[in-house]
Amino acid sequence: MDYDTYMDIFPRTISWNPWHGCRKVSRGCLNCYMFEGDRRRGVPGSDVVTKSKTQFDLPIQKDRNGRYKLNDMLLLTSMTSDFFIEEADEWRDDAWRMMSKRKDLTFEILTKRPHRIMDCLPDDWGDGYPNVRMSVSAEDQDAWDERVPILLSIPAVKRDVYIAPIIGPIDVGEMLSRGGIDAVYVGGEYCSKGARPCDFEWVKGIREECVKYGTTFIWRNTGTYLLKDGETFCIESISEQGKLAASVGIDYIVDPILPSKRAVQSKLF
């Protein structure tokens, strides 16, 4: 269950991991894919934050002809750490400079530490970089109620919420009614052992509120265990989880910046 495989189901989207290593901060971190992946590969020190030797300058890497390797893409950062984790303070300014330089790329910054964002913005941030989408993850109602108001208070051109891994029902309507949230992604939990189930009723409820308030909704993946109509389905492959979620056809696309071509194959529903 490699995360890059997961990202492949979204055309022109890749993960950018300028640093590696994190510390768990909430219930959503319990079965973190990064920690599991490191454990499976025998990589020690998942809780030690280190600058990536190969990925740090990914946005500005060039080929042998002097052309940028990445073009017309959305870079989701940071999937093996948290962009605003304290240990990365010394490297973050350089990361901001790369984002500012590559205005032709779109960057999605995802964090569970929104309380640190304001203190870590670059001096020229203003109302936000046009090519940067600021986002938080929220796994349950408590996380939603804590992190989303902070996100709404931060100057940004685009703001998104990743409800992943969803581990309980979430009432999103009141926050969405305020405006300022451009997209909501929902995903189940995927891990080899102990994955918490994703209830399809939770997914539908969030979608209904997104449609009501004109907010882009994307069901990214089912998770390892999906509850639907009283049955539990086990989908071990993260790629199949994404294809299955796409096949249901409940995405509601308002924002044209987001990748939208998705596989539509399934016999489950």
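The analysis underlying the following values was restricted to heavy atoms, covering all of them including side chains, and did not include hydrogens, waters or symmetry mates.
Judged by distance alone, the side chain of Asp171 and the main-chain N or O of Gly173 form a donor-acceptor pair under 3.5 Å. Listed for the Arg102 side chain is a donor-acceptor partner under 3.5 Å among the backbone atoms of Pro59. Ser100 places no side-chain N or O within 3.5 Å of a backbone atom of Arg97 that could act as its donor or acceptor partner. Under the 3.5 Å distance criterion, the side-chain polar atoms of Arg159 are left unmatched by any main-chain donor or acceptor of Met134. Of the possible donor and acceptor atoms, none in the side chain of Ser81 sits under 3.5 Å from a partner among the backbone N and O of Ser78. Within the 3.5 Å criterion, the main-chain N or O of Thr111 finds no donor-acceptor partner in the side chain of Tyr162. Asp182 contributes no side-chain N or O that, together with a main-chain N or O of Thr215, makes up a donor-acceptor pair within less than 3.5 Å. Asn17 places no side-chain N or O within 3.5 Å of a backbone atom of Trp19 that could act as its donor or acceptor partner. One N or O on the side chain of Asn31 and one on the backbone of Gly194 form a donor-acceptor pair closer than 3.5 Å. Put simply, the side chain of Gln241 gets close to the backbone of Gly223: a donor and an acceptor are under 3.5 Å apart.
Ile250 and Val211 fall within a single hydrophobic cluster, where Ile, Leu, Val, Met, Phe, Trp and Tyr are joined by side-chain heavy atoms under 4.5 Å apart, directly or via other members. Note on Ile167: it does not cluster hydrophobically with Val136, by side-chain heavy-atom contacts below 4.5 Å among ILVMFWY residues. Criterion: ILVMFWY side-chain heavy atoms under 4.5 Å apart, direct or through other members. Under it, Ile163 and Leu152 are part of a common hydrophobic cluster. In the hydrophobic cluster analysis, where Ile, Leu, Val, Met, Phe, Trp and Tyr join through side-chain heavy atoms closer than 4.5 angstrom, Leu74 is grouped apart from Val157. One hydrophobic cluster holds both Trp16 and Trp91 under the rule that ILVMFWY side chains link at heavy-atom gaps under 4.5 Å.
Between Glu86 atom CD and Arg92 atom CZ the span is 8.5 Å, to the nearest 0.5 Å. Between the CG atom of Asp82 and the CG atom of Leu110 there is a distance of 7.5 Å, given to the nearest 0.5 Å. Interatomic distance, Ser52 OG to Asp57 CG, rounded to the nearest 0.5 Å: 8.5 Å. Note that CE of Met99 and OG1 of Thr106 are 12.0 Å apart. Values are rounded to the nearest 0.5 Å. To the nearest 0.5 Å, atom OG of residue Ser153 and atom CD1 of residue Ile150 are 6.5 Å apart. Rounding to the nearest 0.5 angstrom, the gap separating the CG atom in Asp127 from the CD1 atom in Ile154 is 13.5 Å.
Contacts of Trp125 classified as ring pair (Phe, Tyr, Trp, His ring centres under 6.0 Å), with partners at least two apart in sequence or in another chain: Trp96, Tyr129. Residues passing the side-chain contact (heavy atoms from CB on, under 4.5 Å) test with Pro197 are Tyr225, Leu227, sequence neighbours excluded.
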Candidate pair Val132 and Glu108, rule side-chain contact (heavy atoms from CB on, under 4.5 Å), full reasoning: CA-CA 6 Å; Val132 174; Glu108 179 98 53; over 6 Å; no

Derivation of the side-chain contact (heavy atoms from CB on, under 4.5 Å) call for Asp47 and Cys22: CA-CA 5 Å; Asp47 57 349; Cys22 201; over 6 Å; no

Check against side-chain contact (heavy atoms from CB on, under 4.5 Å), Asp94 and Phe56: CA-CA 9 Å; Asp94 287 335; Phe56 183 77; 3.7 Å; yes

Candidate pair Phe200 and Trp219, rule ring pair (Phe, Tyr, Trp, His ring centres under 6.0 Å), full reasoning: CA-CA 10 Å; Phe200 189 56; Trp219 188 18; 5.3 Å; yes

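Here the side chains of Leu151 and Pro114 are not in contact, with every heavy-atom distance at 4.5 Å or above. Considering only heavy atoms from C-beta on, Pro130 stays 4.5 Å or farther from Lys103 through its side chain. With a 4.5 Å cut-off on side-chain heavy atoms, Val203 and Phe217 count as touching. Between Glu146 and Gln141 the shortest side-chain heavy-atom distance does not fall below 4.5 Å. The shortest side-chain heavy-atom distance between Ile14 and Leu58 falls under the 4.5 Å cut-off. Annotation: side chain of Val184 is not in contact with side chain of Asp160 (no heavy-atom distance under 4.5 Å). Using a 4.5 Å cut-off on side-chain heavy atoms (C-beta onward), Leu75 and Thr77 make no contact. Asp142 places a side-chain heavy atom less than 4.5 Å from the side chain of Arg27.
Counting only residues at least two apart or in different chains, side-chain hydrogen bond (donor to acceptor under 3.5 Å, both in side chains) contacts with residues 63-76 are absent.
Side chain to side chain, Arg23 and Ser46 fail the donor-acceptor criterion of an N or O pair below 3.5 Å. Counting only N and O atoms by type, the side chains of Glu189 and Thr224 include no donor and acceptor under 3.5 Å apart.
The two residues Met175 and Asp145 come nearest to each other via the heavy atoms CE-O, 4.4 Å. A pairwise comparison of heavy atoms in Cys198 and Ile166 identifies SG-CG2, 3.8 Å as the closest pair. Between Tyr185 and Arg220, the shortest heavy-atom contact is CD2-CD, 3.4 Å. Shortest non-hydrogen contact noted between Asp199 and Glu201 is OD1-N, 2.9 Å. Taking every heavy atom of both residues into account, Cys191 and Glu36 meet most closely at CB-OE1, 3.2 Å. Smallest separation of non-hydrogen atoms from Arg207 and Asp251: NH2-O, 4.3 Å.
Between Asp89 and Arg116, at least one side-chain nitrogen of the basic residue sits less than 4.0 Å from a carboxylate oxygen of the acidic one, meeting the salt-bridge criterion. Between Arg147 and Glu139 there is a salt bridge, with a side-chain nitrogen of the basic residue lying less than 4.0 Å from a carboxylate oxygen of the acidic one.
Remark: Lys212 NZ is loosely packed, at most 12 non-hydrogen atoms of other residues, nucleotides or ligands lying under 6.0 Å away.
Because its NZ or CZ atom is not both nearer than 6.0 Å to the ring centre of Phe84 and within 45° of the ring axis, Arg113 does not count as a cation-pi partner of that residue.
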